[in-house]
2 protein chains.
Amino acid sequence: MAGRTPVRIPPPHSRAPENPAPACAPGKVALLRSACSTCNLRELCLPCCNLTRAELELANRLAFNRTHIRRGESLFRTDDRFTSLYAVRKGFFKSAVLLRDGRRDQVTGFSMAGEVLGMDGIDTARHTCNAIALEDSDVCAIPFAGLQKLARDIPSLQRQFQRMMSREIVREQGVLLLLSQMTADERLAVFLLNLSQRFAAHGGSPSKFNLRMTREEIGSYLGLSLETVSRTLSKLREEELIGVQQKFIRILDHAGLKRLIGR
Amino acid sequence: MAGRTPVRIPPPHSRAPENPAPACAPGKVALLRSACSTCNLRELCLPCCNLTRAELELANRLAFNRTHIRRGESLFRTDDRFTSLYAVRKGFFKSAVLLRDGRRDQVTGFSMAGEVLGMDGIDTARHTCNAIALEDSDVCAIPFAGLQKLARDIPSLQRQFQRMMSREIVREQGVLLLLSQMTADERLAVFLLNLSQRFAAHGGSPSKFNLRMTREEIGSYLGLSLETVSRTLSKLREEELIGVQQKFIRILDHAGLKRLIGR
DNA sequence: CGCGCCTTTGAAGGAGCTCAATTTAGGTGG
DNA sequence: CCACCTAAATTGAGCTCCTTCAAAGGCGCG
């Protein structure tokens, strides 16, 4: 649902390092940044281009609709009317769809602070998955109609938005590779390295972090049973590539994990 | 890369039936349609809204850049500079990425007439996969810069474009489900039903068609070995759900295939 | 403190993979 | 027109990795 992917390796999520947003013209953007200062969504909200003061005001108002979501609650559910994109400011979400049988559900992605949720709803104007908070979270609701209108006047915003969607398409292709070709070891290695990278991208530690999701949710996402996830984590620990204590993970041998993936 | 997905079932490709493009105002659109009369890309090219004559002229010029691609040749390759989207007018393409080892490649999608290719390149301005013609094909290159400029003036085009990208995101989620949860039988059933639907959507027969790709390419796409694809097709034939003669497929029991998928 | 959920670990079974041999189709040249 | 050649498809056999079923241990929360 949200997240980032580099071009070559197929990780579940990660930032594409190419084409960083152009450097900000500091004076003009300062105003907006102060409004969204704690929001990591600069990429979308702050195209960092030649915005007029009026445009900035507009953008500022646009992104100001903040909400708190408690752990276990849903941000939106399948078939909900699509009205906004959601920038995660704090917390952690899973996206999942109900399977045909209706009992189990399939996790399609995880979203953390600085990432955008809800793009699935643009096509049909209804969401196609449930977005559920895995911990107490804050989101910034971005009214889609307003975003569109604004984007019409600010070409760079328009462009950023399209890039974000394209990146999501490429990300999912990465997951596709992951699911169709990799062994359990490789999947977990990719998963952990990607999480590490994303936590680091938003001020966390790349080598120590708490998993917000259960083994079952990891398994659902990676196409493995929860037992296989657990066993594989234990195996990686025995090989001293990682440390595992329940949900607390330490990356002990970053290079070793990369080697495991195959390059 | 291109293709369509309904919301619930997770097929590799299919059209979302909801939210059809609004009915055309026949008089105004006739002009454009004649220019792109044989092009099935009305959804993108012809937003069917209140276009001025000048806008129509512009759109007309925009989509006029047609090319022939011979079987086996590539429309674009990984890392190629991204300049255009491609509407398939005739023929059949596969999209694939080279795997890390560099030897095998992973098929990420198939595109047929009436579908759009190349959205992967929007983010980084370079393509992330190879698009290769599986038969002699015609495409309509849509310069992206021009499309963007045009979309700025025609909100409905803008909207159509975003919906197309969103649909691609949802489609890939469907493939994700397919790969992580389904058995070989189910994958093939989904694959064949989806092809059937898409061929039918563009004037072909829903019950008889020639596969354009090899068993290996199907397997790569579905996350199965080519042997398993072959074996599974034979099994479906024994159960009299389909007819198989090499690449020629007949759907004998549409309902039976659907039942196989699980609803 | 006890209950429920999550996790870990073991053992058995199965779906699909790999390796290998054979058949078929389609294209090429004599 | 036929023989040949190569690529694709089919089918078999054994094996492997992962799943399922089962049981026990750990952590957090009321």
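Below, read A as the first sequence line, B as the second, and so on, with proteins coming before strands; counting in each chain starts at 1.
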Problem set entry | Stepwise side-chain hydrogen bond (donor to acceptor under 3.5 Å, both in side chains) check, A:Asp80 with A:His127 | CA-CA 6 Å; A:Asp80 274 1; A:His127 286 288; over 6 Å; no
Exercise. Could one point to a donor on the side chain of B:Arg187 or the base of C:dG16 with an acceptor on the other under 3.5 Å away?
Worked result: no
Exercise. Counting N and O atoms only, with roles assigned by atom type, does the side chain of B:Ser205 sit under 3.5 Å from a partner on the main chain of B:Ser207, one being a donor and the other an acceptor?
Worked result: yes
Exercise. DNA chain C: B:Gly223 or A:Arg231, which has the more 5' nearest nucleotide?
Worked result: A:Arg231
For this session: Evaluate the criterion side-chain contact (heavy atoms from CB on, under 4.5 Å) for residue pair A:Leu252 and A:Leu241; output intermediate values, then yes/no.
Result: CA-CA 5 Å; A:Leu252 301 178; A:Leu241 295 171; over 6 Å; no
Exercise. A:Leu226 has an atom CG; how far is it from atom C1' of C:dT8, in whole Å?
Worked result: 10 Å
Problem set entry | Phosphate OP1/OP2 of C:dA25: any B:Lys247 side-chain N/O under 4.0 Å | no
Exercise. Is the distance from OP1 or OP2 of C:dT9 to the nearest side-chain N or O of A:Ser234 less than 4.0 Å?
Worked result: yes
Problem set entry | For B:Lys208, salt bridge (Lys or Arg N to Asp or Glu O under 4.0 Å) partners two or more places apart | none
Problem set entry | Polar pair under 3.5 Å, donor/acceptor by atom type, side chain A:Arg237, base C:dT9 | no
Problem set entry | Nearest-Å distance for atom pair CG/P, residues B:Leu188 and D:dA9 | 13 Å
For this session: Pull out every residue in residues 238-246 of chain B that has a heavy atom closer than 4.0 Å to any atom of DNA chain D, ordered by number, or say none.
Result: B:Val244, B:Gln246
Seminar exercise, completed: Of the candidates D:dC21, C:dC17, C:dT18, the side chain of B:Leu224 sits closest to C:dC17
Problem set entry | side-chain hydrogen bond (donor to acceptor under 3.5 Å, both in side chains) assessment of B:Arg231 paired with B:Ser234 | CA-CA 5 Å; B:Arg231 263 187 268 270; B:Ser234 298; over 6 Å; no
For this session: Report yes or no: do A:Thr128 and A:Asp120 form a side-chain donor-acceptor pair below 3.5 Å?
Result: yes
Problem set entry | Close approaches to DNA chain D from residues 210-218 of chain B, in residue order (heavy atom, under 4.0 Å) | B:Thr214, B:Arg215
